[in-house]
Amino acid sequence: LGPCDDKIFECFAHADHCHAGTGTYVILKSSMVLVIRENQWCLWGSPYLDAYGEEDQDLRRGRPLSLNRERYQQLQVLHSTHGFDHNSRVASAWHAGAQRY
């Protein structure tokens with residue numbers, strides 16, 4: 001993996017080049033969190049929920065979303081402790097390949 005490889009989209013290149021292969025990114029068009037570790041990725045979910053406490057994956061319903069502090073804190077803890085491999089929500093959802101999303 002490297003930042004000059006055309007087949008690797010920018011998040012993988014940035015994680016590889018600047019953060020030793022690990023990165024956590026909010027995908028703005030869907031509000032989902034993309035977690036990258038080396039050449040693997042998974043979607044963690046969204047820290048943004050509607051008034052009913054539900055995610056609006058891909059922002060299809062058009063309801064206003066707000067940052068859920070509990071989910072955001074969970075994400076902060078997982079990121080700062082490198083705990084994604086030990087979280088059952090993430091550990092079973094890893095996908096291989098930097099070219100796919």
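Position 1 is the first residue of the sequence, and the numbers go up from there.
Annotation: the span from Leu65 atom CG to Glu55 atom CD amounts to 9.5 Å, rounded to 0.5 Å. The distance from the CD atom of Glu70 to the CG atom of Leu49 is 9.5 Å, given to the nearest 0.5 Å. Within the model, atoms OG1 of Thr22 and CD of Glu38 stand 7.0 Å from one another, a figure rounded to the nearest 0.5 Å. Atom CZ of Phe12 sits about 9.5 Å away from atom CD of Gln40, to the nearest 0.5 Å.
Counting heavy atoms from C-beta on, the side chains of Val35 and Leu78 never come closer than 4.5 Å.
With Leu59 as the partner, the side chain to side chain contact (heavy atoms under 4.5 Å, CB included) test is satisfied by one option alone out of Ser31, Ser46, Ser30: Ser31.
When all heavy atoms of His14 and Tyr25 are compared, the closest pair comes out as CD2-OH, 3.3 Å.
Applying the side-chain hydrogen bond (donor to acceptor under 3.5 Å, both in side chains) rule to Arg69 yields no partners; only residues at least two apart in sequence or on another chain are considered.
Between the side chain of Asn68 and the backbone N or O of Gly53 there is no donor-acceptor pair closer than 3.5 Å.
Sorted by first and then second residue, the salt bridge (charged side-chain N to carboxylate O under 4.0 Å, His left out) pairs involving residues 39-50 (not counting sequence neighbours) are Asp50-Arg61, Asp50-Arg63.
Hydrophobic clustering, with ILVMFWY side chains joined whenever heavy atoms are under 4.5 angstrom apart, keeps Val77 apart from Tyr72. Linking Ile, Leu, Val, Met, Phe, Trp and Tyr whenever their side-chain heavy atoms come within less than 4.5 Å leaves Tyr52 and Leu67 in two separate clusters.
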